[in-house]
Amino acid sequence: MLDKLRIKVSAMAHVIDENLVCDTCNEKFDKLGSAMVEWLQDQSGTISEVNIVHLPGTPPNHLENGCFKHTHSLTRHDLSLEDVILDITLMSHLNISISQ
């Protein structure tokens, strides 16, 4: 079940359960569907600054753009965490792995 998966981003581990917290506000996610993965990717394809953050419109929704960190960057990309963990190739490019 998704609520017991371990997500590892670079040297930082994210546990998809009641303890998963946003990389911006450090508040817990109430459900997996409120988590987004955002990253920067330059023209050469180099990916950097991968974050798991709250989707705008979901609690704690106290920030204008949700908890996204790179809203004004032209090289910014994002996808729901649910979609990222279903795409093995993307997970590899983002350096995200799942273990139980």
Side-chain angles (χ1 to χ4, degrees):
M1 184 141 188
L2 293 177
D3 61 345
K4 298 297 180 190
L5 299 178
R6 178 175 298 278
I7 303 295
K8 186 176 181 182
V9 180
S10 300
M12 182 194 304
H14 293 90
V15 179
I16 307 300
D17 64 11
E18 66 277 358
N19 297 313
L20 178 68
V21 296
C22 175
D23 288 330
T24 298
C25 70
N26 294 316
E27 294 192 33
K28 293 180 180 180
F29 291 95
D30 60 345
K31 59 183 179 177
L32 185 62
S34 64
M36 295 289 290
V37 179
E38 72 165 348
W39 66 94
L40 299 179
Q41 185 171 3
D42 66 22
Q43 291 179 347
S44 70
T46 301
I47 293 174
S48 62
E49 299 189 44
V50 177
N51 300 299
I52 298 179
V53 297
H54 283 102
L55 172 70
T58 60
N61 199 24
H62 56 275
L63 302 172
E64 181 180 331
N65 293 314
C67 291
F68 289 123
K69 293 185 175 191
H70 307 294
T71 55
H72 300 292
S73 174
L74 297 176
T75 62
R76 182 186 171 282
H77 300 271
D78 67 64
L79 196 59
S80 73
L81 180 57
E82 291 175 312
D83 289 335
V84 169
I85 63 176
L86 295 174
D87 186 333
I88 295 170
T89 302
L90 181 58
M91 285 176 51
S92 174
H93 290 302
L94 295 174
N95 196 24
I96 294 175
S97 60
I98 298 176
S99 63
Q100 294 204 23

Looking only at heavy atoms, the pair that brings L94 and I47 closest together is CD2-CG2, 3.8 Å
Interatomic distance, SG@C22 vs CE@M36, rounded to 0.5 Å, equals 11.5 Å
Item checked: side-chain contact (heavy atoms from CB on, under 4.5 Å) between T75 and Q41, worked out -> CA-CA 5 Å; T75 62; Q41 185 171 3; 5.6 Å; no
Let me see the working for E49 and H70 under side-chain hydrogen bond (donor to acceptor under 3.5 Å, both in side chains), right down to the final yes or no. CA-CA 9 Å; E49 299 189 44; H70 307 294; 3.1 Å; yes
When rounded to the nearest 0.5 Å, the distance separating OG of S48 from CG of D42 is 7.0 Å
Taken in chain and number order and not counting sequence neighbours, the residues that satisfy ring pair (Phe, Tyr, Trp, His ring centres under 6.0 Å) with H77 are W39
Heavy atoms of L40 and S73 approach each other most closely as CD2-OG, 3.5 Å
Between A35 and I52, the two heavy atoms sitting closest are CB-CG2, 4.2 Å
Check this for me, if you would: do E38 and K69 make a salt bridge, where the nitrogen-to-carboxylate-oxygen distance has to be below 4.0 angstrom? no
Output for pair (D83 CG, M91 CE), nearest 0.5 Å, gives 12.5 Å
### Message
How about CD1 on I88, more than 12 heavy atoms from neighbouring residues, nucleotides or ligands closer than 6.0 Å, or not?
### Response
no
